[in-house]
Amino acid sequence: DFSNPFVLIMSEFEQDIRAKLKPVPTVDLVTSFVGTNWLLDVTKIQQIESYDDANFYVETVCKTSGAAGVYLVKFYNAIETDNAEILEGLSHMLARINEKIQSSVKVPSIVQPTAKQGDEAPQTNYVYLASCPVVGGTEKKVAVRVFSWIAGTTLSRVTPTLLLFVQLGQGIGHVSASLHGFDHPAFHRVHLWDLKNIDMSIKELAYVDNFDVQQAILAIHTAFKVVVEPLSAVLPSSVVMGDCNDANVIVTEDEPREVAGLIDFSDAVSTWRVNEIAIAMAYALLTSMGRTHPHLALGALLAGFVSVQPLTKTELAVLPILIQVRLSISVMIGACAISKEPDNEYLKLHAVPGRDAILVMNKTSNEVHSNYFKAINTLFSKKENKVTVGVDLLNTDVYGALVFKYYKV
C-alpha cells in the first residue's frame, strides 16, 4: 500500500532518514520526563549505545511508594513515533510473548505511565514528548516508553560457548512458538531489513569495496531469486523479532553464564518464520566462536531452536541462503552508512566480520549446509532429545561426528 507514507519511508532512503530522525534527548530531559509521566525519581542514568533510537538505563525511586526500580527508557525514532499502529503492534506482541512463553528466557514488559494526562488516566503505554532534539538539528515529536530491565550483560561482551548458543536457540524457539497464530496489521509492512526484501539493499552493493565479497553477494542474490522466492507460498509465515544479534541477547553476569533475555523488538515484521533463526545464525557467525568454529556455532544454535520449534524440509532447504541474505543486507547497508559516517565505530561493529562470514559460507555449497541443518533438525527435534540437547551437543561423539561428516573438519 504505497499510499501509506510509512511504507514509502521503508525504502532505499530509510537509513538516511532514520539517522537524521534519531532522538538526542539530554539527561535532564529524560529525568524530568520520566519523573512527570511515570512518577519515578531517577537516581542514576546511563545512555546505552543504539542505532536509531535513544535508550537509557535508569535506577529510580517511586515518588508514591518509595520502591526502588531499574528500567530501560526508550525514546523512539521519529519514524516509529509517526506510526501509532506499529507502537500498538509492539505492545500486543510483547504482551503475547510474556503471556505464552514457556522459558526462563525473558523479554521486556512495558511499564504503564502512572501520571494522569489532564483529568484522564493514560490511555496508552507510551507518552509523546512534543519536542525532542534529533540528529538532523531540528526538534520532533517522539514517543517514549519505559520497559522492565533484564539484568545481565550482552552476549557481544562475553566469549560465547556452545551451551550458550543452545540456550539462545531454545529461547528464540520459545519466542517463535509463543507467536504461533499471533498477527497484527502493523507488522504487514515493507521493511528494509526483512530478508524478503534483499532487492531493496542490493542497490548499495557498489559501496562494498571488496571484489570477492561483491561477487559472493551477487551469487547469494541469484540463489535467493532462483531458489527461495519460488518457494515463498509454502514457507510458513509468522511475526518475528527480526534482529536477534549479539547486542540484543542478555546473558547472566556470573559464571556459568546463561541466556537471560532477548531485547529490542522494534524491527518486528510479518515474514517467513524461518527468518527468525536465520537472522540469529547469521549474527552467530560474527561472534568469536562463530569466526573460529562456524559450523559448531551454527549447529548449536539451530539444535536449540529445533528442540522447541522444528523446521519443515522446505525451511531447512532455504535456511543456508537466508543466513547469507542477512549477512549480505547487513554488509551492504553498513558499507553505505560507513561511507557517510566513516568515524562511526558502532557502524563498523559487524562490517569486517560480516564480510568474512559471507566468504566462509560461500566456500561450501548450499546443499551441504542444508544437509547438515537437516541432520541437526532430525536429531534434536526428536522428543527424547529435547531435554538433553545441550548435553548432547557437548558430546563430541554425537555432535563432532555430524560436523566432520558434512564439512570434513
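Positions are given from 1, in the same order as the sequence printed here.
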Requested in this report: Kindly indicate, with the supporting measurements, whether the criterion salt bridge (Lys or Arg N to Asp or Glu O under 4.0 Å) is fulfilled by Arg18 and Glu80.
Outcome: CA-CA 10 Å; Arg18 282 185 171 276; Glu80 274 76 35; 2.6 Å; yes

Taking it one step at a time, do Ile358 and Val331 satisfy side chain to side chain contact (heavy atoms under 4.5 Å, CB included)? CA-CA 9 Å; Ile358 287 172; Val331 165; 3.9 Å; yes

Which atom pairs, donor and acceptor, lie under 3.5 Å between side-chain atoms of residues 288-295 and protein residues at least two apart or in another chain?
residue	atom	partner	partner atom	Å
Arg291	NH1	Leu286	O	2.5
Thr292	OG1	Ser288	O	3.0
Thr292	OG1	Met289	O	3.3

Please tabulate, for the side chains in residues 229-241, all donor-acceptor contacts under 3.5 angstrom to protein atoms that are two or more places apart in sequence or on a different chain.
residue	atom	partner	partner atom	Å
Glu229	OE1	Lys225	NZ	3.2
Glu229	OE2	Lys225	NZ	3.2
Ser232	OG	Trp272	NE1	3.3

Enumerate donor-acceptor pairs with a distance under 3.5 Å from any side-chain N or O in residues 141-151 to protein atoms, sequence neighbours excluded.
residue	atom	partner	partner atom	Å
Arg145	NE	Asn125	OD1	3.3
Arg145	NH1	Tyr76	OH	3.1
Arg145	NH2	Leu87	O	2.7
Arg145	NH2	Ser91	OG	2.3
Arg145	NH2	Asn125	OD1	2.9
Ser148	OG	Ser109	N	2.9
Ser148	OG	Ser109	OG	3.1

Side-chain donor/acceptor pairs under 3.5 Å, residues 317-324, sequence neighbours excluded:
residue	atom	partner	partner atom	Å
Gln324	NE2	Pro320	O	3.0
Gln324	NE2	Asn366	OD1	2.8

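When the side-chain hydrogen bond (donor to acceptor under 3.5 Å, both in side chains) test is applied to Asp267, the partners found at least two apart in sequence or on another chain are His191. Residues meeting the side-chain hydrogen bond (donor to acceptor under 3.5 Å, both in side chains) test with Arg326, sequence neighbours left out: Asp243, Tyr283.
More than 12 heavy atoms of other shown residues, nucleotides or ligands fall within 6.0 angstrom of atom NZ in Lys196. Atom NZ of Lys106 has 12 or fewer heavy atoms from other residues, nucleotides or ligands within 6.0 Å. Summarising the local packing, CD of Gln102 is surrounded by 12 or fewer heavy atoms from other residues, nucleotides or ligands at distances under 6.0 Å. Atom NZ of Lys63 has more than 12 neighbouring heavy atoms from other residues, nucleotides or ligands inside a 6.0 Å radius.
The closest donor-acceptor contact from the side chain of Ser270 to the backbone of His188 lies at 3.5 Å or more, if one exists at all. Listed for the Asp254 side chain is no donor-acceptor partner under 3.5 Å among the backbone atoms of Pro256. In this structure, the side chain of Ser65 does not engage the main chain of Cys62 through any donor-acceptor pair within 3.5 Å. Remark: side-chain polar atoms of Arg257 are not paired, donor with acceptor, to backbone N or O of Val251 under 3.5 angstrom. Put simply, the side chain of Asn37 gets close to the backbone of Phe33: a donor and an acceptor are under 3.5 Å apart. For Lys203 (side chain) and Met200 (main-chain N/O), no donor-acceptor pair under 3.5 Å exists by modelled atom type. A distance-only check finds a donor-acceptor pair linking the side chain of Ser178 to the backbone of Val175 [under 3.5 Å]. A donor-acceptor pair is defined here as one N or O able to donate and one able to accept, closer than 3.5 Å; no such pair exists between the side chain of Glu276 and the backbone of Ser176. Using a distance-only test at 3.5 Å, with no hydrogens or angles considered, no donor-acceptor pair links the side chain of Asn248 to the main chain of Cys244.
Side-chain rings of His369 and Tyr407 approach one another, their centers coming within less than 6.0 Å.
Using cut-offs of 30° and 60° for the angle between ring planes, the Phe56 and Phe75 rings count as perpendicular.
Rounding to the nearest 0.5 Å gives a distance of 4.5 Å between CD1 of Ile329 and OG of Ser201. Here the CG atom belonging to Asn55 is positioned 8.0 Å from the CD1 atom belonging to Ile263, to the nearest 0.5 angstrom.
With respect to Asp53 and Lys74, a salt bridge is recorded, a charged nitrogen being found less than 4.0 Å from a carboxylate O.
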